[in-house]
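First comes the structure, then the notes that go with it.
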Amino acid sequence: MNVGGRHYRTIWLNDDRRAVDIIDQRWLPHEFRIVTLRTLDDVAIAIRDMWVRGAPLIGVTAAYGMAIAMTDDSSDTALDAAWEKLHATRPTAINLRWALDAMRALLKPLPEGERAKAAHGRAAEIADEDVELNRAIGENGLEIIRKTASGKKPGEPVNILTHCNAGWLATVDYGTATAPIYLAMEADIPVHVYVDETRPRNQGAQLTAWEMAGHGVPHTLIVDNAGGHLMQHGDVDMVIVGTDRTTANGDVCNKIGTYLKALAAKDNGVPFYVALPSPTIDWTVFDGLKEIPIEERSGDEVSLVWGKTASGDIAQVRVSPDATPAGNPAFDVTPARLVTGLITERGVAAASREGLRALFPDR
Ligand SMILES: CSC[C@@H](O)[C@@H](O)C(=O)COP(=O)(O)O
């Protein structure tokens with residue numbers, strides 16, 4: 001995607017052909033900073049502390065982390081240790097384990113001397129594949145937007161509500177939930193996006209809004225609690241969100257607050273779509289509520305808010321009493337019964353075991 005007229009992915013190989021460069025998302029939208037990750041520890045910290053975030057990008061970054069680890073030490077011990085260290089960074093997004101397993105399965109049978117090169121090659125392939133998957137999700141989601149647009153007056157936009165950032169910043173390029181929106185813009189279909197701010201870390205306000213503005217997508221930032229009201233008044237045509245892990249029967253785990261949006265959508269007859277690449281499906285899990293580990297992050301993310309001061313400094317302020325403890329479950333599970341459809345690279349599936357199996361009979 002373009003930033004200041006230049007095309008960027010969110011992660012790419014450094015000029016030294018060994019390290020990787022990333023967009024450090026902690027500083028957006030106020031500063032566009034690129035940092036280089038040179039060691040396995042750098043990569044683990046970048047994932048854990050959310051310099052990079054979003055399920056697909058977490059997976060790709062971890063794949064590069066394995067490649068960097070293999071460049072330093074390609075023994076079996078180092079391979080297993082890198083898998084463990086990276087796997088421990090964030091528990092919910094299944095793309096992390098998917099990418100780590102793919103790398104280990106490739107590397108384990110190889111002689112040690114061949115591992116670093118093969119690892120870098122596979123990490124680059126996983127990154128390229130992510131772009132293709134998202135592009136295909138975009139094409140399939142575009143048809144849904146096109147159909148909705150056909151029922152509107154000429155020039156009237158399709159109003160889409162999204163939660164968190166399932167945009168290009170959460171992937172390598174295009175995004176999942178945003179890919180259909182970007183393709184609708186390319187196809188001259190009028191769209192307007194309601195962007196949930198997504199407390200506590202404000203991925204909507206800071207990242208999705210920045211993406212939308214950068215790509216000229218008409219959008220309005222709303223507080224997380226406004227979505228139900230807008231739906232009651234007919235202001236939302238559809239919801240499209242991403243997911244960190246979708247179960248084999250279509251339960252959707254995504255950023256905290258997604259479930260409430262799905263409930264409001266159901267009550268108001270608003271279609272609720274989830275856009276996902278197949279590496280986000282956990283084929284081993286059938287009950288999202290019972291089986292998906294929900295990341296509990298620091299309460300400081302709730303009590304303290306980052307922003308830009310009037311003098312232009314990026315600073316943190318406290319919004320709650322010093323003595324008040326805060327809980328911070330980072331994800332929730334939306335049961336399949338609330339999901340209208342799963343927009344995948346192979347088409348739109350019903351959110352059910354049968355629906356997913358029909359599109360992915362090979363699984
Ligand atoms: C294509 S991204 C889908 C999800 O990963 C996204 O909606 C989300 O919940 C990201 O959470 P984050 O905690 O910012 O990594």
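Counting convention: from 1, in listed order, for ligands and their atoms alike.
- For the residue pair Asp73 / Ser75, a side-chain donor-acceptor distance below 3.5 Å is found, with atom types taken as modelled.
- When each atom of ligand 1 is checked for a heavy atom of Gln203 under 4.0 Å away, the hits are 12 (P), 13 (O), 14 (O).
- Atoms of ligand 1 lying under 4.0 Å from at least one heavy atom of Ala166, given by number and element, are 1 (C), 2 (S).
- Contact annotation: for Cys164 versus ligand 1, heavy atoms closer than 4.0 Å belong to the side chain alone.
- Considering backbone and side-chain atoms together, Gly54 places an N or O closer than 3.5 Å to an N or O of ligand 1.
- Between Asp72 and Arg18, the closest side-chain pair of non-hydrogen atoms falls below 4.5 Å.
- At a heavy-atom cutoff of 4.0 Å, ligand 1 is contacted by no atom of Val241, backbone or side chain.
- Between Phe360 and Glu345 the shortest heavy-atom distance is CE2-OE2, 3.8 Å.
- Checked by atom type, the side-chain pair Asn254/Thr243 shows no donor-acceptor distance below 3.5 Å.
- In this comparison of Asp244, Val274, Asp130, the heavy atom closest to atom 8 (C) of ligand 1 sits on Asp244.
- Considering only non-hydrogen protein atoms, atom 7 (O) of ligand 1 sits nearest to Asn254 OD1, 2.8 Å.
- The proximity of Pro56 to ligand 1, defined as any non-hydrogen pair under 4.0 Å, is limited to the side chain.
- Looking at Arg90, Arg297, Arg245, Gln25 and measuring to atom 12 (P) of ligand 1, the nearest heavy atom belongs to Arg90.
- Closest to atom 1 (C) of ligand 1 among all protein heavy atoms lies Thr176 OG1, 3.0 Å.
- Remark: the Thr247 side chain and the Asp282 side chain contain no N/O donor-acceptor pair separated by less than 3.5 Å.
- For Met50, every heavy-atom contact with ligand 1 shorter than 4.0 Å involves the side chain, none the backbone.
- Donor-acceptor pairing under 3.5 Å is recorded for the side chains of Gln25 and Arg53.
- The N/O atoms of Arg53, backbone and side chain alike, include one that comes under 3.5 Å of an N/O atom in ligand 1.
- Note that CD1 of Ile281 and CG of Leu356 are 5.0 Å apart. Values are rounded to the nearest 0.5 Å.
- Here the CG atom belonging to Asp251 is positioned 10.5 Å from the NZ atom belonging to Lys290, to the nearest 0.5 angstrom.
- Put simply, SG on Cys253 and CD on Glu291 are 12.0 Å apart, with the number rounded to the nearest 0.5 Å.
- The proximity of Asn165 to ligand 1, defined as any non-hydrogen pair under 4.0 Å, is limited to the backbone.
- Expressed to the nearest 0.5 Å, how far CG of Leu207 lies from CZ of Arg201 amounts to 9.0 Å.
- Contacts with ligand 1 closer than 4.0 Å are made by no heavy atom of His163, backbone or side chain.
- For atom 11 (O) of ligand 1, the closest heavy atom belonging to the protein is Lys255 CE, 3.3 Å.
- At the shortest separation from atom 2 (S) of ligand 1 among protein heavy atoms lies Ala170 CB, 3.5 Å.
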